[in-house]
Amino acid sequence: MGIFSKLFKPKKEDSKRFRLEMAEMISKKLIRYVTERKDDVEEVIGKSGAFSIRNGEFIVFASSEVIFRTPVEDMRAWELLSGDGAVLTGIDLEHGGVERTITVHYVYYR
């Protein structure tokens, strides 16, 4: 990587570099709770946890279990406008390879 690529953030959300940087940024946060929308109902699927990146996989751990596990390069992620959480979409290897979208809310510290 050149000096300019280290100074400026990538603009293309589909690029490998953007996905890796987003995963690293999100992984530094702690989880307050995790939700998933099914049939127009938002359901809490986990509370109190953390993120991990291992062997190229992004892992969401909450309520003493793995909630979501996907390859980092395939994960699409964006933060909520409030900055209090993020939405993650990807193929969930932990639950049979089904594509899932979850919303993760961060622990808030002042």
Side-chain angles (χ1 to χ4, degrees):
M1 283 190 191
I3 190 165
F4 289 110
S5 63
K6 291 181 182 178
L7 292 175
F8 300 107
K9 295 190 183 254
K11 293 182 181 178
K12 293 184 180 181
E13 293 181 4
D14 289 335
S15 71
K16 179 180 175 182
R17 182 173 162 230
F18 179 87
R19 291 179 183 199
L20 292 172
E21 286 184 13
M22 183 62 83
E24 288 176 13
M25 183 184 71
I26 291 171
S27 69
K28 296 175 184 173
K29 311 280 184 164
L30 294 176
I31 298 172
R32 191 165 110 207
Y33 61 96
V34 182
T35 61
E36 183 175 24
R37 181 176 292 267
K38 290 183 182 177
D39 301 323
D40 294 330
V41 176
E42 194 85 15
E43 180 182 340
V44 176
I45 58 173
K47 293 182 178 181
S48 185
F51 302 101
S52 178
I53 298 176
R54 288 193 183 159
N55 300 325
E57 293 180 345
F58 190 83
I59 302 167
V60 178
F61 184 79
S63 295
S64 299
E65 63 182 74
V66 175
I67 301 293
F68 184 74
R69 183 171 57 98
T70 188
V72 174
E73 295 177 359
D74 298 335
M75 182 181 76
R76 293 180 311 279
W78 56 94
E79 284 201 302
L80 300 175
L81 289 176
S82 64
D84 293 339
V87 178
L88 310 175
T89 300
I91 296 170
D92 189 0
L93 302 173
E94 193 68 23
H95 295 94
V98 177
E99 184 173 67
R100 292 175 66 197
T101 299
I102 62 171
T103 305
V104 181
H105 299 269
Y106 306 142
V107 172
Y108 180 69
Y109 293 108
R110 278 200 166 177

Which atoms form the tightest heavy-atom contact between [X] and [Y], and what is the distance?
{"X": "Leu93", "Y": "Pro71", "value": "CD1-CD, 3.8 Å"}
{"X": "Ala86", "Y": "Leu80", "value": "N-CG, 4.0 Å"}
{"X": "Ile67", "Y": "His95", "value": "O-CE1, 3.1 Å"}
{"X": "Ala77", "Y": "Leu88", "value": "CB-CD2, 3.6 Å"}

Under a 4.5 Å cut-off applied to non-hydrogen side-chain atoms, are [X] and [Y] in contact?
{"X": "Val104", "Y": "Arg32", "answer": "no"}
{"X": "Thr101", "Y": "Val87", "answer": "yes"}
{"X": "His105", "Y": "Thr35", "answer": "yes"}

Do [X] and [Y] belong to the same hydrophobic cluster, where Ile, Leu, Val, Met, Phe, Trp and Tyr are linked whenever their side-chain heavy atoms lie under 4.5 Å apart, directly or via other members?
{"X": "Val44", "Y": "Val34", "result": "no"}
{"X": "Phe18", "Y": "Leu20", "result": "yes"}
{"X": "Ile31", "Y": "Met25", "result": "yes"}

* SB check Glu21 Arg17 (cutoff 4.0 Å) -> yes
* Please say whether the positively charged group of Lys29, taken as NZ for Lys or CZ for Arg, lies over the ring of Tyr106, i.e. under 6.0 angstrom from the six-membered ring centre and within 45 degrees of the axis. =>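 The answer is yes; both the distance and angle limits are met.
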* Verdict with supporting geometry, Arg76 and Glu99, salt bridge (charged side-chain N to carboxylate O under 4.0 Å, His left out) -> CA-CA 11 Å; Arg76 293 180 311 279; Glu99 184 173 67; 3.3 Å; yes
* To do: Give the C-alpha distance, both sets of side-chain angles, the deciding distance and a yes or no for side-chain contact (heavy atoms from CB on, under 4.5 Å) between Asp92 and Thr70.
  => CA-CA 5 Å; Asp92 189 0; Thr70 188; 6.0 Å; no
* Quick one: list whatever passes salt bridge (charged side-chain N to carboxylate O under 4.0 Å, His left out) with Glu73, sequence neighbours left out. =>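 Listed in chain order: Lys16.
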Can you measure from [atom1] ([X]) to [atom2] ([Y]) and round to the nearest 0.5 angstrom?
{"X": "Thr103", "Y": "Asp84", "atom1": "OG1", "atom2": "CG", "answer": "12.5 Å"}
{"X": "Glu43", "Y": "Lys38", "atom1": "CD", "atom2": "NZ", "answer": "6.0 Å"}
{"X": "Glu36", "Y": "Ile102", "atom1": "CD", "atom2": "CD1", "answer": "7.5 Å"}

* **Residue pair Phe68, Glu94: steps toward the side-chain contact (heavy atoms from CB on, under 4.5 Å) verdict** => CA-CA 6 Å; Phe68 184 74; Glu94 193 68 23; over 6 Å; no
* Main-chain N/O of Lys47 paired with Ser63 side-chain donor or acceptor, under 3.5 Å ->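 Checking the backbone N and O of Lys47 against the side chain of Ser63, a donor-acceptor pair under 3.5 Å is found.
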* Derivation and outcome, side-chain contact (heavy atoms from CB on, under 4.5 Å), residues Thr89 and Trp78 -> CA-CA 9 Å; Thr89 300; Trp78 56 94; 3.9 Å; yes
Tell me which donor-acceptor pairs under 3.5 Å the side chains of residues 48-59 have, and how far apart each pair is, sequence neighbours excluded?
{"residue": "Glu57", "atom": "OE1", "partner": "Arg69", "partner atom": "NH1", "Å": "3.0"}
{"residue": "Glu57", "atom": "OE2", "partner": "Arg69", "partner atom": "NH1", "Å": "3.2"}

